[in-house]
Amino acid sequence: MNSNLLLSKTLFASAITALTLGMSTLAVAQAPAGYPADYNKIIDAAKKEGKIVIYSATDTKAVEPLIKDFRVMYPEVQVEYNDMNSTEVFSRYISEMAAGGNSADLLWSSAMDLQVKLVSDGYGLQYASPEISGIPQWAIWNNSAFGTTFEPAVFVYNKRLVSEDEVPKTHAEFAKLINTKLDKFKNKVTTYDIEKSGVGFMFITQDSHENKDFWELAKAFGNASVRVQSSTGTMLERISSGENLIGYNILGSYALTRAAKDPSIGVQMPKDYTLVLSRVAFISKSAKHPNAGKLWLDYILSKRGQTIIANEANLFAIRPDVKGDANPVALGKKVGAGLKPLPVNPSLLQYLDQTKRLAFLKQWKETAGKK
């Protein structure tokens with residue numbers, strides 16, 4: 001074949017490919033249906049920024065489907081995703097802000113109280129997301145902090161070693177079980193290390209409000225020499241193996257995902273009350289890529305993003321209009337009036353006061369510490 005003709009064909013094919021990709025990018029990078037007409041300005045600015053830096057307490061593996069779909073919508077925005085535990089999200093961001101260096105554009109964490117504290121201390125950017133009409137009002141604070149998921153705190157047990165009639169259905173039954181069968185459950189009960197786990201501390205302090213017999217339960221933990229961990233995954237692994245028999249206040253999204261593929265794992269939602277956590281996201285006021293932050297926030301609050309959160313990330317959607325079993329409506333049918341979603345507001349901050357926090361930890365150690 002004539003070399004000039006071959007070159008011309010190659011250039012023509014390349015031009016067609018480039019045109020196709022350009023049209024595809026143009027098509028997917030338009031403002032979603034129903035968004036304000038000037039939203040394209042945010043998209044254009046985010047393209048120029050080129051990336052978003054996220055600090056998150058959500059496992060990278062769970063978030064991969066979200067990142068992939070976000071990049072389909074906005075291929076010119078790279079996602080730098082940093083997965084750490086909830087206390088590390090808070091501490092790293094605070095340290096970097098104090099040092100005056102670069103940090104996250106957006107923080108997304110299960111430690112609701114720590115997130116709300118950062119926003120109340122002035123670190124959050126106010127932004128009226130076009131998606132706020134789709135999520136409950138209790139999940140939005142000051143147009144800065146946004147709840148994104150609806151995840152129950154559950155009891156988890158080893159189905160091979162804990163019989164169905166032993167499984168506690170309420171918090172009082174949990175305390176009674178380990179007190180009356182101490183020979184079986186001594187050193188076999190697990191929960192979060194509330195000094196190291198932000199979400200664990202939040203769940204326990206909220207428990208102390210909801211449960212009038214909370215300190216009796218804490219005493220039962222002490223009698224059983226409760227084993228504490230900072231990682232949900234570690235607790236689930238040890239319950240599955242039989243090293244531990246039962247777990248308390250474990251994040252239900254992870255537990256139910258594990259139970260779906262692990263026949264040793266059983267999950268019980270407490271019938272007296274079930275605390276519900278919502279992972280809180282906010283855009284940093286000091287964000288280097290604030291427009292990319294807005295795109296990510298709007299995406300994870302959108303029905304499209306929430307559908308992936310529910311059905312691929314297995315984190316439970318906060319939007320009631322998402323199909324499937326992982327949404328507030330379906331969870332409400334299972335638990336009923338006992339469902340207690342934690343509101344995204346400063347009421348969560350009570351035990352972040354240093355004096356109150358230390359006093360609570362002291363009482364917890366004295367009551368629930370190993371005997």
Side-chain angles (χ1 to χ4, degrees), residues 42-64 66-67 70-71 74 76-129 139-149 195-202 230-231 277-301 305 309 313 315 344-346 348-349 352 354 357:
I42 295 177
I43 296 175
D44 291 341
K47 287 181 183 178
K48 290 176 183 175
E49 292 168 357
K51 71 184 290 190
I52 176 174
V53 178
I54 301 171
Y55 290 178
S56 176
T58 307
D59 290 350
T60 301
K61 188 174 181 180
V63 178
E64 282 173 356
L66 286 167
I67 294 174
F70 176 81
R71 295 295 318 287
Y74 306 112
E76 293 178 322
V77 180
Q78 300 289 328
V79 178
E80 182 183 310
Y81 189 83
N82 299 273
D83 170 7
M84 54 196 89
N85 76 37
S86 54
T87 304
E88 288 173 324
V89 170
F90 178 85
S91 300
R92 179 172 169 180
Y93 178 75
I94 285 288
S95 297
E96 289 169 346
M97 287 293 97
N102 292 331
S103 190
D105 300 308
L106 181 140
L107 286 78
W108 189 25
S109 174
S110 50
M112 298 174 68
D113 49 357
L114 295 179
Q115 291 286 86
V116 171
K117 176 171 174 50
L118 289 172
V119 172
S120 69
D121 287 347
Y123 290 103
L125 178 73
Q126 278 199 324
Y127 172 59
S129 169
I140 306 166
W141 184 58
N142 202 31
N143 276 354
S144 299
F146 301 85
T148 62
T149 61
E195 288 190 88
K196 296 179 181 177
S197 168
V199 66
F201 182 79
M202 184 187 69
S230 60
S231 162
L277 165 155
S278 185
R279 291 170 197 261
V280 173
F282 75 87
I283 302 166
S284 173
K285 193 181 284 185
S286 303
K288 190 176 179 181
H289 315 101
N291 293 287
K294 291 174 183 178
L295 293 190
W296 178 266
L297 179 66
D298 294 337
Y299 169 70
I300 61 174
L301 294 177
I309 281 176
L315 294 175
V344 181
N345 66 40
L348 295 169
L349 302 183
L352 292 185
Q354 191 66 0
R357 176 183 170 84

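For the atom pair CE of Met202 and CG of Leu349, the computed distance is 11.5 Å after rounding to the nearest 0.5 Å. Put simply, OG on Ser129 and CG on Asp298 are 3.5 Å apart, with the number rounded to the nearest 0.5 Å. The line from CE of Met97 to CZ of Arg92 is 11.0 Å long, rounded to the nearest 0.5 Å. To the nearest 0.5 Å, atom NZ of residue Lys48 and atom CG of residue Asp44 are 6.5 Å apart. A distance of 16.0 Å separates CD in Glu76 from NZ in Lys51, rounded to the nearest 0.5 Å. Atom OH of Tyr74 sits about 4.5 Å away from atom CD1 of Ile43, to the nearest 0.5 Å.
Summarising the geometry of Thr148 relative to Trp108, their closest heavy-atom pair is OG1-NE1, 2.8 Å, with the distance given to 0.1 Å. Closest non-hydrogen pair, Leu295 versus Ala46, comes out as CD1-CB, 3.4 Å. Taking each heavy atom of Asp59 and Tyr81 in turn, the nearest pair found is O-OH, 4.5 Å. Between Lys196 and Thr87, the closest heavy-atom pair is O-OG1, 2.9 Å. Across all non-hydrogen atoms, the minimal contact from Gly147 to Leu301 is O-CD2, 3.7 Å.
With Phe201 as the aromatic partner, Arg357 meets the cation-pi criteria of under 6.0 angstrom to the ring centre and within 45 degrees of the ring axis.
The six-membered or imidazole ring of Trp296 lies near that of Phe70, with a centre-to-centre distance under 6.0 Å.
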Apply side-chain contact (heavy atoms from CB on, under 4.5 Å) to Ile42 and Tyr127, showing your working. CA-CA 12 Å; Ile42 295 177; Tyr127 172 59; 4.0 Å; yes
What do the steps show when you test Asn82 against Val53 for side-chain contact (heavy atoms from CB on, under 4.5 Å), and what is the final call? CA-CA 8 Å; Asn82 299 273; Val53 178; 3.8 Å; yes
Test log, rule side-chain contact (heavy atoms from CB on, under 4.5 Å), inputs Lys294 and Leu125: CA-CA 10 Å; Lys294 291 174 183 178; Leu125 178 73; 4.1 Å; yes
CA sep, side-chain torsions, deciding dist, call: Ser120, Trp141, side-chain contact (heavy atoms from CB on, under 4.5 Å): CA-CA 10 Å; Ser120 69; Trp141 184 58; 3.7 Å; yes
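Contact annotation: the side chain of Phe146 never approaches that of Val344 to less than 4.5 Å [non-hydrogen atoms, C-beta and beyond]. Looking only at side-chain heavy atoms (C-beta outward), Ile54 and Ile52 come within less than 4.5 Å of each other. Under the 4.5 Å side-chain criterion, counting only non-hydrogen atoms from C-beta, Asn142 is in contact with Gln126.
Defined by atom type and a distance below 3.5 Å, a donor-acceptor pair is missing between the side-chain atoms of Ser56 and Asp83. Using modelled atom types and a 3.5 Å distance limit, the side chains of Arg279 and Thr58 yield a donor-acceptor pair. Under 3.5 Å, the side chains of Glu49 and Asn291 contain a donor-acceptor pair of N or O atoms. For the 3.5 Å distance criterion, the side chains of Tyr55 and Glu96 qualify, holding a donor opposite an acceptor.
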Please table the atom pairs, donor to acceptor, closer than 3.5 Å between any side-chain atom in residues 110-119 and protein atoms at least two apart or in another chain.
residue : atom : partner : partner atom : Å
Gln115  : NE2  : Leu107  : O            : 3.1
Gln115  : NE2  : Val280  : O            : 2.7
Lys117  : NZ   : Asp121  : OD2          : 3.1

Considering only distance and modelled atom types, tabulate donor-acceptor pairs under 3.5 Å from the side chains of residues 281-288, sequence neighbours left out.
residue : atom : partner : partner atom : Å
Ser284  : OG   : Tyr93   : OH           : 2.7
Ser284  : OG   : Ser286  : N            : 3.1
Lys285  : NZ   : Gly122  : O            : 3.3

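With hydrogens and angles disregarded, a donor-acceptor distance shorter than 3.5 Å links the side chain of Asn85 to the backbone of Glu88. Of the possible polar contacts, none joining the Ser86 side chain to the Ala57 backbone as a donor-acceptor pair under 3.5 Å is found.
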